[in-house]
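Working notes, beginning with the structure itself.
Values below: all heavy atoms of this structure, side chains included; hydrogens, waters and symmetry mates excluded. For this chain, numbers begin at 1 and follow the sequence in order.
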Amino acid sequence: MKPIRLPITLLAIAAASTLAAAEPKFRQQDIDTKVGVGYGLQIADMDGDKKVDIILVDKDKVAWYKNPTWKKHQISGHLTKRDHVCVAAKDLDGDGKAEIAVGAQWSPNDTVNSGAVFYLQPTADRSGDWKPIQLYHEPTTHRMHWVRNSTGSHDLVVKPLHGRGNKNNAGAPLKVLAYKVPKDINKKWKTTLVCEFLHNSHNFHPVNWDKDTEEELLVTGQEGTWHLDRQKDNSWKRTAVSEEFGGEVRDGNLPDGRRIVATIEPRHGSKVVCYRQDGKSWKRTVLDTTFKDGHALACADFLGTGGDQVVAGWRGMNPRAVPGLKIFIPKDKDYNEWETHQLSGAEIAVEDIKAADLNGDGKPEIIVAGRQTHNLKIFWNENK
């Protein structure tokens, strides 16, 4: 008997339909219900056991939760009078254990005297409070990442929310700085300028889109969303993705390797947007317009389709509303059509999201830090 050959159009429809899944299955687990403000998350191996742990910067402490018991280890108390606001974690010296930097003295309306940047020097056994080493900072310190440079080592890149003396999102643009780690971490950390053209820039994200050793950056703000690529002279070439005011930004891929950039627009906004790579331009698709105080994104292949889905959450703080977390799943091979599933509601007011495989089964979990709900959750991936 000869095999039945479907027309090409039917084959395309069948392939596209596999991108969309049945109701996604995630099981919620609270691992901390006494969080002050879950400002920021990172995922990294903190103790060298080859299992990634969860790092949380709270308003008055920095802590990590050991995989798989999720026992809490505090490594810093309150570093400044005002809140901590961001954290970066990466193994810098190859010993399998992550190093930590923290941003603090959070006061977004004080564009002159606010902000602080610290490197935390670990204790010998990585217990107790680590020694804070204070570094130079620009006002309104807000986000930071360890970013790989051309030598294969990492710089600490720090982005403020506003420029120095900025009022009503106008005035001097903010300065994004790259800090070079000295051999003696107690000595001065030299800085270079990454960019100085944005106002009201809420978030940025390291990416690796080319064949160079070093990572590039996606950054978003009042002037839109941009790709920044470090050049040999240590300057950064910038290319526009979108002119829309963005608040959050992450990247992902289609099954065929084309890139997507996901944003929440504007800062603390109502729209979740996907930009799909289309040659040298980007096709914009609005996924949702109902978010109240949208505040976090993640892109990963949670469902095993070969391409990434988008997870996004909102706090419902301003304007006041019931918070929530949604996953957006493409329904066709070009990511033109999407379906939406809500994963949570009032149980967590989403402040930050990370995606990572926590149990080694090859499927990424969703890790969420809450604000006014004062909790930290794992959404365990139970999709087949």
Side-chain angles (χ1 to χ4, degrees), residues 31 39-58 61-76 79 84 86-103 117-133 135 143-159 177-187 189-191 194 204-208 212-218 230 250-251 298 300 352-360 362 364-365 367 369 376 378:
I31 63 170
Y39 276 108
L41 292 167
Q42 292 293 338
I43 310 297
D45 186 351
M46 289 293 291
D47 54 3
D49 66 355
K50 302 188 186 307
K51 296 177 182 177
V52 291
D53 307 298
I54 299 172
I55 302 102
L56 173 73
V57 60
D58 204 344
K61 64 181 69 70
V62 181
W64 65 278
Y65 302 79
K66 180 176 174 58
N67 187 349
T69 63
W70 310 116
K71 180 181 178 181
K72 185 176 183 178
H73 299 266
Q74 184 173 315
I75 59 172
S76 169
L79 298 169
H84 305 157
C86 57
V87 63
K90 184 79 69 173
D91 177 12
L92 302 181
D93 56 12
D95 67 352
K97 303 173 185 178
E99 278 66 48
I100 300 290
V102 178
V117 176
F118 296 90
Y119 174 82
L120 299 185
Q121 185 175 14
T123 57
D125 62 358
R126 299 202 142 223
S127 65
D129 285 353
W130 297 12
K131 176 185 174 183
I133 298 172
L135 310 179
R143 292 290 183 264
M144 56 173 52
H145 288 285
W146 295 108
V147 178
R148 190 171 61 249
N149 60 35
S150 60
T151 68
S153 58
H154 290 80
D155 299 329
L156 178 65
V157 177
V158 182
K159 188 193 68 59
L177 298 178
Y179 296 67
K180 183 176 176 58
V181 183
K183 291 183 179 180
D184 181 348
I185 58 172
N186 292 285
K187 296 291 180 66
W189 293 45
K190 294 181 179 179
T191 64
V194 175
F204 77 113
H205 182 62
V207 298
N208 192 5
D212 297 338
T213 300
E214 65 267 18
E215 292 177 305
E216 311 97 59
L217 301 173
L218 282 174
R230 194 188 321 227
R250 294 290 185 268
D251 76 318
D352 197 17
I353 300 172
K354 290 292 183 286
D357 179 7
L358 298 179
N359 57 9
E365 275 67 53
I367 304 95
L376 173 61
I378 299 171

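In this structure, NE2 on His154 lies 11.5 Å from CD on Glu214, to the nearest 0.5 angstrom. A distance of 10.5 Å separates CE in Met144 from CD1 in Ile100, rounded to the nearest 0.5 Å. Annotation: the span from Ile367 atom CD1 to Gln42 atom CD amounts to 11.0 Å, rounded to 0.5 Å. The CG atom of Asn359 sits 10.5 Å away from atom NZ of Lys51, with the distance rounded to the nearest 0.5 Å. Separation of atoms CD1 (Ile378) and CG (Asn67) is listed at 7.5 Å; rounding is to 0.5 Å. Note that the CG atom of Asp45 and the CD1 atom of Ile55 stand 9.0 Å from one another [nearest 0.5 Å].
Contact record, Lys354 with Ile43: CB-CG1, 3.8 Å, taken as the closest heavy-atom pair. What you find for Ala178 and Asp155 is that their closest heavy atoms are CB-CB, 4.3 Å. Ile353 approaches Ala298 most closely through the heavy-atom pair CG2-CB, 3.7 Å. Residues Ile75 and Met46 approach most closely at CD1-CE, 4.3 Å, considering heavy atoms. Shortest non-hydrogen contact noted between Phe118 and Pro132 is CD2-CB, 3.8 Å. Gln121 approaches Trp130 most closely through the heavy-atom pair O-CB, 3.1 Å.
Two residues are said to be in side-chain contact when any heavy atoms from C-beta on lie closer than 4.5 Å; Ile133 and Asn186 meet this criterion. Using a 4.5 Å cut-off on side-chain heavy atoms (C-beta onward), Leu120 and Leu79 make contact. Here the side chains of Arg126 and Asp47 are not in contact, with every heavy-atom distance at 4.5 Å or above. Counting heavy atoms from C-beta on, the side chains of Glu216 and Asn208 come closer than 4.5 Å. Leu376 places a side-chain heavy atom less than 4.5 Å from the side chain of Leu41.
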Before you tell me yes or no, could you show the steps for His145 and Phe204 under ring-ring contact (aromatic ring centres under 6.0 Å, His included), namely the whole-Å CA-CA distance, both residues' side-chain angles and the distance that decides it to 0.1 Å?
CA-CA 9 Å; His145 288 285; Phe204 77 113; 4.9 Å; yes

Go through the steps for Val117 and Leu156 under the test side chain to side chain contact (heavy atoms under 4.5 Å, CB included), then give the verdict.
CA-CA 10 Å; Val117 176; Leu156 178 65; 4.1 Å; yes

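Ring planes of Trp189 and Tyr179: perpendicular class, angle over 60° (limits at 30 and 60°). His73 and Trp64 have parallel rings, their planes meeting at less than 30° on a 0 to 90° scale where 60° marks the start of perpendicular.
In terms of modelled atom types and a separation under 3.5 Å, the side chain of Glu215 and the main chain of Arg148 share a donor-acceptor contact.
A salt bridge links Lys66 and Asp49; the closest N-O separation between the charged side-chain nitrogens and carboxylate oxygens is under 4.0 Å. Under the 4.0 Å criterion applied to side-chain N and carboxylate O atoms, Asp58 and Lys72 are not assigned as salt-bridge partners.
Legend: residues meeting salt bridge (charged side-chain N to carboxylate O under 4.0 Å, His left out) with Asp91, ordered by chain and number and at least two apart, are absent.
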